[in-house]
Q: 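Okay, handing you the structure first.
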Amino acid sequence: MTASFGRRAWLRYSAAMSEQNHLYLVDGSGYIFRAYHQLPPLTNRHGQPAGAVYGYTAMLWKLAADLHHADGPTHLAVIFDKSSKTFRNDLYDQYKANRPPAPEDLIPQFPMIRDATRAFSLPCIEEEGFEADDIIASYTVEAVKRGWHVTIVSSDKDLAQLIQPGVDMLDTMKNERRGPGYVQDKFGVDPDKLGDVLALMGDSVDNVPGVPGIGPKTAAKLITEYGTLDAVLAAAPAMKPSKMRDNLIEHEGMARLSRQLVELHREVPLPDPLDDLVLGAIPPEPLREFLTYHGFNSLLTRLDGSSAGAGGAMTSPNAPRVQMKLAGTEEGGAPKADPAPGFMAMPPIDRSLYETVTSEDALDRWIAEARAEGIVAIDTETDALDSITARLVGISLSTGPGRACYIPLAHGGTDMFAEKPDQLDAGWTLARLKPLLEDEGVLKIGHNLKYDLNVLDRAAAGIGGLRIAPFDDTILMSFDLEAGKGLAGHGMDEAARAHLDHACIGFKDVAGTGKKAISFAEVPLDRATEYAAEDAEVTLRLWHRFKPRLHAEGVTRVYELVDRPLVPVIAAMERTGIKVDRDYLSRLSGEFADGILALEKEIHEYAGQPFSIGSPKQLGEILFDKLGHKGGKKGKAGGYSTDVTILEKLKAEGSEISGKVLEWRQFSKLKSTYTDALQAQINPATGRVHTSYSLTGAQTGRLSSTDPNLQNIPIRTEIGRQIRDAFIAEEGKLLLAADYSQIELRLAAHMADVPALKEAFLAGEDIHAATAQELFGRVDRETRGRAKTINFAILYGISRWGLAARLEITPDEAQDMIARYYDRFPGIGVYIGDTLEKARATGFTQTLFGRKTWFPRIKAAIQHERQGAERAAINAPIQGTSADIIKRAMARMGPALERAGLAETRMLLQVHDELVFEVPEADAEAAGAVIREVMENAASPLVTISVPLAVEVGTGKSWGAAH
DNA sequence: GAGTTCACG
DNA sequence: GACGTACGTGAACTCT
C-alpha cells in the first residue's frame with residue numbers, strides 16, 4: 001500500500017475512513033498576542049526574542065499530539081490575519097484604530113511563528129482583506145455542512161458566535177473547552193444571539209462603538225427581552241424614559257454599524273480545500289531543524305527521545321501517530337507553560353570551563369574578549385559582608401555562556417611570610433581593568449553592583465578610584481520587574497533558581513559555616529574559581545533574561561531613570577558615612593544603664609520577686625497571674641500580650657509597675673539598639689558610621705538601611721531624641737537636614753484628585769487642621785489630632801476596626817467617620833476603588849513613575865490575607881511615588897551641587913522623606929537653596945504633580961540641632 | 001528560627 | 001462569630 005500511495009493520498013484516504021472528521025482551526029494571530037503577554041520574554045539561541053514563538057510551538061505540539069485522542073483533530077489549519085486593513089475598515093475607519101502598535105520585540109516573531117507552522121508541515125492560511133475570524137467562520141460553515149466536528153482554537157469572544165452543536169472552542173492557555181453553555185454563562189444568551197449582544201455592548205479592544213452606557217449585562221437583558229438587535233432598536237422609542245432609552249435612539253446608527261463589525265463573514269472562498277487540511281504524519285526533520293535553530297531544547301529532546309524507537313516514521317503511516325503520542329503526552333500534555341530547563345537560549349552552565357587568571361597575558365586576553373563582546377559581567381569576592389570594611393580578594397568576569405574567569409588577588413591570607421598561590425598584583429590588575437570598566441563602549445553588568453563599586457573604589461584608591469560605566473544591575477532589574485511577586489529576595493542564588501533553574505554553589509559550600517568557616521581568601525583557587533566565575537556567568541545570564549523584559553513589561557522608565565542612576569549615588573553615601581560622637585554616646589549609655597538598674601529594682605519590688613523584665617512571657621505572668629491585672633491572652637502562642645498599648649492601659653488604671661516597665665523598656669531599647677550598638681558600629685579607620693542601604697529591600701520602592709539602620713533613629717520622644725545629637729558634623733561643617741513636608745498626603749491629594757486637599761496645600765494651610773475643619777467644623781487640639789489619624793488611615797488603606805482602635809471609638813462610629821471623609825473628600829473613594837480594581841485585574845499597582853508592586857495575595861481566598869493585600873495595594877502607589885521622587889532628587893543632587901560650585905557638600909543619609917547633608921559652614925545657605933530647589937522639582941519633567949512639594953531645611957552642628 | 005516588642009517614615 | 005487590625009521597614013531580645 002505504501003508503495004503505490006503517495007503520503008498525502010494515503011492520509012486523505014485514512015481521514016476519509018475514520019468515523020468522524022474533526023477539524024481544528026487555530027486562530028494563529030490571536031494566539032501570538034496572548035503567548036507574548038503570558039510567557040516570559042525568552043530569547044532564542046541567537047538572542048532574538050522568541051517567547052511567543054516558543055509558546056506557540058508548544059501549543060501546536062500539544063494539539064498535534066492529541067491526534068490519536070477520540071476527539072482529537074483529524075484535520076488542522078492555522079489561520080492568520082494577513083494585513084491590518086480589511087473590509088471592516090471600509091465600514092468604519094475607526095475600527096481597531098485604538099490598538100497600540102505591536103511591541104517592538106514581538107514584531108520579529110510574526111514571521112517566526114509562520115515558520116513554526118511550516119516546520120510542523122501544517123497548512124498556514126491567510127487571505128487579503130479578511131480577518132482570521134472570517135476565514136475560520138467560513139471553514140466552519142463548510143465543515144459543518146459536511147457533518148464534521150469543528151474545534152476553534154482561540155479565546156476571541158467574537159468567534160464564540162460560531163459555537164453550535166458539533167462546534168466548540170478550545171482556549172489552550174486556560175486549557176478550557178467552551179460549548180454553548182459558556183456563551184450562556186458569560187453573555188447570558190445563546191451563541192446565535194451573541195453578535196447582537198456584542199453589537200450593543202461594543203468592544204473597546206477592537207474599538208467597536210456599541211451603545212454608550214450599555215455593558216454586557218444590559219445588552220444581554222435587552223436581547224433576551226426583545227429577541228434581536230433590530231427588535232431592541234425598534235422598541236426603543238416605546239421604552240420608559242431613561243438615559244438608556246435616549247442612548248438607544250441616539251446611537252441607533254452606531255449600533256447597526258457595530259452589528260456589521262462583529263458579524264463574521266462566513267463566505268470567504270476557502271483558500272485550501274477542506275480535505276487538504278488533513279493532519280497526519282509530521283515529518284521530524286523540518287521540525288528538528290526549526291527547534292535546533294531556536295534552541296528549544298526541551299522540545300528537541302522529546303522529539304529525539306520519541307522518534308528513536310519509531311525509526312520508520314517517514315515510511316510507515318502508522319508510526320508518526322505513535323511518535324506524536326509519545327512525544328506529546330509524556331508529561332500530561334502541558335508543554336505550553338513549560339519553562340523547560342532545556343529551553344535556555346544558552347547551553348547549561350559548566351563550571352569546568354572556567355579559567356583561573358594568574359598571568360598578565362591571560363588577563364589581557366579577557367579584557368580583549370570583553371571589548372570584543374561589548375559586554376562583561378563582573379563580580380568581586382571579598383573577606384567580609386560589608387562593602388566598607390571588606391578587603392578585595394578576587395574578581396570574576398564573564399563575557400558569554402561558558403566564558404568566565406576568576407582573577408585571584410589576595411588568596412592565601414594576610415600573613416606576608418606565608419606561602420601564597422601564584423596570583424596577579426591587585427594594584428596592577430585594577431589599573432589594567434580600569435580603562436575597561438570606564439569604557440563607554442562596554443556594558444558592565446553586576447548583581448548588586450553597589451557592593452562591587454564600593455569594594456573596587458576603595459581598593460583602587462591608589463589609582464584615583466574607579467567608576468563603572470555604563471552599567472546594568474540585575475538585582476535592580478529583578479526588583480523592578482517583580483517586586484512583591486513571590487520571591488523573598490532578589491539575591492543571586494534565588495534569582496538563578498527562579499530564572500535560570502540553576503542552583504549556584506553556596507558560599508557555605510566553599511567557606512563552611514560556624515566555627516570552621518574560613519575567609520574567602522583561604523578558599524583554594526580551584527574551588528574559588530568555580531564559585532566566583534559561576535557568579536559572574538549567572539549574572540550575565542540573568543541579564544539576558546531580564547533585559548528584554550524591561551521594555552515588554554513597561555518598567556524601563558523606573559529602572560533607567562529612577563533606580564539605576566542611584567547605584568553610584570548610594571555607594572558614595574555609604575562610603576562617606578556620618579560622624580558620630582563616641583564619648584557622648586558612651587555617656588548616654590551610662591545614664592541609661594543607671595536608669596535601667598534603678599527601675600529594675602523598683603519593678604522587682606512591685607512584683608515581689610526578681611524576674612526577667614525583658615521576657616514578655618515572664619512579665620505577662622507577673623502582671624496578669626500574680627498581680628491579677630486583667631488583659632487576657634492574645635498572642636499566637638497563647639501568651640499574654642504586654643505591648644505598649646496594654647501597658648499604657650494598665651498604667652492609666654493605676655498600675656505603677658506597668659509605668660515602670662514602660663520606662664525600663666524605653667531605656668533598654670535606647671541603650672541596646674542605639675547608644676551601645678552605634679558605638680560598636682563606628683568604623684575605626686574613618687571614625688564614622690557607614691550604613692548599608694538596600695535598594696531592593698522594600699516592596700514599595702523605598703530604600704531600607706541596615707548595619708546599622710539609620711532610618712529609625714529616635715525622634716518622637718525627648719529622651720530618644722538625645723541620640724540624634726550624637727550625629728555630628730566635622731569641624732568647620734554643619735549638618736543640613738531637608739525634609740519633604742507631608743509628601744505622601746500631597747501625593748494622595750494629587751493622585752486621588754481631591755479638590756479640598758489640593759486647595760489646602762496650594763494655600764499653604766496646616767493640612768490636618770484643614771481636615772479637622774472640613775470633618776468636624778472646628779479646629780482644636782482634639783479634632784486636629786483625630787483628623788491627623790484619619791489622614792494617615794487613608795494613606796494606609798483604612799478599615800473601620802483599625803481606625804476605631806486608634807481613635808478609641810466603636811467600629812460603627814469609625815465607619816461613620818470614614819463615610820464622612822469620603823463625602824467631604826470626593827476622589828479618595830474613587831482612587832481606592834480604581835487602585836484595587838486594577839490590582840485585581842493585573843496583579844500589580846503602579847506609581848506615577850511606573851514602578852510596579854505585585855500583590856499575588858490580592859485574590860487570596862482567606863479574607864484577612866486578601867484584605868491585608870488590599871490595604872498594602874492602596875498604600876503602595878503613594879508610598880512608592882514618594883520613594884521615586886526622593887530618588888530622582890538624590891540622583892540629580894550631586895551634579896546640581898557641583899554646578900553651583902558646592903562640590904564639598906556631601907549627601908550622607910536618606911530617611912524616606914528626608915536627606916541629610918554635611919556642608920561647609922560658609923556654604924550652608926547656598927547649599928540649602930540648591931537642595932530645596934532640586935527636591936521640590938524632583939518629579940518634573942517626568943511627572944507633573946498638581947500640588948506643590950514643600951521642603952523644610954534646617955542646619956546645626958548635630959542632626960538633632962538641624963531639625 | 002519564631003515570636004514579641006519597639007525605633008523610624 | 002472569630003479573625004486581629006492600618007502601610008513600609010530593621011534590630012534586639014527571649015525562648016524553643
Q: Between the side chains of A:Asn454 and A:Glu574, does any donor sit under 3.5 Å from an acceptor?
A: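 Judged by distance alone, the side chains do pair up.
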Q: For A:Leu695 and C:dT9, what is the distance between atoms CG and P respectively, to the nearest whole Å?
A: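 Rounding to the nearest Å, CG of A:Leu695 and P of C:dT9 are 14 Å apart.
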Q: Is any side-chain nitrogen or oxygen of A:His864 closer than 4.0 Å to OP1 or OP2 of C:dC3?
A: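 For C:dC3, neither OP1 nor OP2 has a side-chain N or O of A:His864 closer than 4.0 Å.
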Q: Taking only residues two or more places apart in sequence, or in another chain, which ones meet A:Ala839 in a side chain to side chain contact (heavy atoms under 4.5 Å, CB included)?
A: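 For A:Ala839 the side chain to side chain contact (heavy atoms under 4.5 Å, CB included) partners, ignoring immediate neighbours, are A:Thr845, A:Ile858, A:Ala873.
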Q: Mind checking what makes side chain to side chain contact (heavy atoms under 4.5 Å, CB included) contact with A:Asn683, not counting sequence neighbours?
A: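 So A:Asn683 forms a side chain to side chain contact (heavy atoms under 4.5 Å, CB included) with A:Ile388, A:Thr389, A:Ala685, A:Thr686, A:His690.
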Q: Between C:dA2 and B:dC6, how many Å separate the two C1' atoms, rounded to a whole number?
A: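 Taking atom C1' in both C:dA2 and B:dC6, they lie 28 Å apart.
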Q: Determine whether the side chains of A:Thr810 and A:Glu813 contain a donor N or O and an acceptor N or O closer than 3.5 Å.
A: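 A pair is found: one side chain offers a donor N or O, the other an acceptor, under 3.5 Å apart.
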Q: Please work out which residues in residues 791-830 of chain A have a non-hydrogen atom less than 4.0 Å from an atom of DNA chain C and list them by number.
A: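 Residues of residues 791-830 of chain A under 4.0 Å from DNA chain C: A:Ala793, A:Tyr796, A:Ser799, A:Trp801, A:Gly802, A:Leu803, A:Arg806.
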Q: Without decimals, in angstroms, what is the distance between A:Ile715 CD1 and B:dC6 C1'?
A: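 Taking CD1 of A:Ile715 and C1' of B:dC6, I get 16 Å after rounding.
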Q: Find the runs of at least 3 consecutive base pairs, i with j, i+1 with j-1 and so on, that include DNA chain C, using Watson-Crick or G-U wobble geometry with both distances under 3.5 Å.
A: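 DNA chain C forms these stems: B:1-9 with C:7-15.
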Q: Judged by atom type as modelled, is there a donor-acceptor pair below 3.5 Å linking the side chain of A:Ser672 to the main-chain atoms of A:Ser668?
A: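 Here the side-chain-to-backbone pair exists.
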Q: Please identify each residue that fulfils ring-ring contact (aromatic ring centres under 6.0 Å, His included) with A:Tyr821, with sequence neighbours left out.
A: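 Checked A:Tyr821 against ring-ring contact (aromatic ring centres under 6.0 Å, His included); matches are A:Phe825.
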Q: Which residues pass the ring-ring contact (aromatic ring centres under 6.0 Å, His included) test with A:Phe849, sequence neighbours left out?
A: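 Residues passing ring-ring contact (aromatic ring centres under 6.0 Å, His included) with A:Phe849: none at all.
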Q: Given the P atoms of B:dC8 and C:dG4, what is the spacing between them in whole Å?
A: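 It comes out at 27 Å once rounded to the nearest Å.
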Q: Separation of A:Tyr640 atom OH from C:dG4 atom P, in whole Å?
A: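 Rounding to the nearest Å, OH of A:Tyr640 and P of C:dG4 are 20 Å apart.
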Q: Give the rounded distance in Å between these two atoms: CD1 of A:Ile723 and C1' of B:dA7.
A: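 Checked: the CD1 to C1' distance equals 9 Å.
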Q: C:dT9 P sits how many Å from A:Tyr693 OH, rounded?
A: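 Value for this atom pair: 17 Å.
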Q: Please determine if A:Asp725 and A:Lys957 form a salt bridge, counting it only when a charged side-chain N lies under 4.0 Å from a carboxylate O.
A: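 No, this pair does not count.
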Q: Go through residues 867-875 of chain A and report each residue with a non-hydrogen atom lying under 4.0 Å from DNA chain C, sorted by number.
A: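 DNA chain C contact set from residues 867-875 of chain A: A:Arg871, A:Ala872, A:Asn875.
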Q: Checking A:Phe844 now: which residues fulfil ring-ring contact (aromatic ring centres under 6.0 Å, His included) with it, not counting sequence neighbours?
A: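 Once residues adjacent in sequence are excluded, the partners of A:Phe844 under the ring-ring contact (aromatic ring centres under 6.0 Å, His included) criterion are A:Trp854.
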Q: Base, sugar-phosphate alone, or nothing: which one does A:Thr789 contact when heavy atoms must sit under 4.0 Å apart?
A: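 Touches a base.
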Q: At less than 4.0 Å, is any side-chain N or O atom of A:Thr642 found next to OP1 or OP2 of B:dT5? Yes or no.
A: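 Yes, such a contact exists.
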Q: With rounding to the closest Å, how many angstrom separate the P atoms on B:dT4 and C:dC3?
A: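 Per the computed distance, 14 Å lies between those P atoms.
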Q: Could you tell me how far apart A:Arg721 (CZ) and B:dA7 (P) are, to the nearest whole angstrom?
A: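 Whole-Å distance recorded here is 15 Å.
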Q: Salt bridge or not for A:Lys450 and A:Asp473, using N-O below 4.0 Å?
A: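 Not counted as a salt bridge, because no side-chain N and carboxylate O are separated by less than 4.0 Å.
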Q: I want to check one thing: is the phosphate of B:dG9, taken as OP1 and OP2, less than 4.0 Å away from some side-chain N or O of A:Arg702?
A: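 No.
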Q: Treating primed atoms plus P, OP1 and OP2 as sugar-phosphate and everything else as base, which nucleotides of nucleotides 10-16 of chain C get B, S or - for protein heavy atoms under 4.0 Å?
A: BBSSSSS
Q: Using whole Å, report how far CZ of A:Arg866 lies from C1' of C:dC3.
A: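 Checked: the CZ to C1' distance equals 13 Å.
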Q: Rounded off to whole Å, could you give me the CD-to-C1' distance for the A:Glu744 and B:dC8 pair?
A: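 That distance rounds to 13 Å.
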Q: Rounded to the nearest 0.5 Å, how far does CD of A:Gln910 lie from CG of A:Leu566?
A: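 Reported to 0.5 Å precision, the distance equals 8.0 Å.
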Q: Please table the atom pairs, donor to acceptor, closer than 3.5 Å between any side-chain atom in residues 611-623 of chain A and protein atoms at least two apart or in another chain.
A:
| unit_1 | atom_1 | unit_2 | atom_2 | d |
| --- | --- | --- | --- | --- |
| A:Ser615 | OG | A:Lys617 | N | 3.4 |
| A:Ser615 | OG | A:Gln618 | N | 3.1 |
| A:Gln618 | OE1 | A:Ser612 | N | 2.9 |

Q: Using the C1' atom on both, measure C:dA6 against B:dA2 and round to a whole Å.
A: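 Roughly 24 Å separates the two C1' atoms.
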Q: Considering only side-chain heavy atoms of A:Arg716, which listed nucleotide, B:dA7, B:dT5, B:dC8, is closest?
A: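 Minimum distance to the A:Arg716 side chain belongs to B:dC8.
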Q: What residues form a ring-ring contact (aromatic ring centres under 6.0 Å, His included) with A:Tyr674, not counting sequence neighbours?
A: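 Result, ring-ring contact (aromatic ring centres under 6.0 Å, His included) vs A:Tyr674: none returned.
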Q: Take A:Glu482 and A:Lys852, measure what salt bridge (Lys or Arg N to Asp or Glu O under 4.0 Å) needs, and give me the verdict at the end.
A: CA-CA 8 Å; A:Glu482 9 212 68; A:Lys852 288 182 179 177; over 6 Å; no
Q: So, using side chain to side chain contact (heavy atoms under 4.5 Å, CB included) as the criterion, who are the partners of A:Ala483 when residues are at least two apart?
A: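 Only A:Phe479 meet the side chain to side chain contact (heavy atoms under 4.5 Å, CB included) criterion with A:Ala483.
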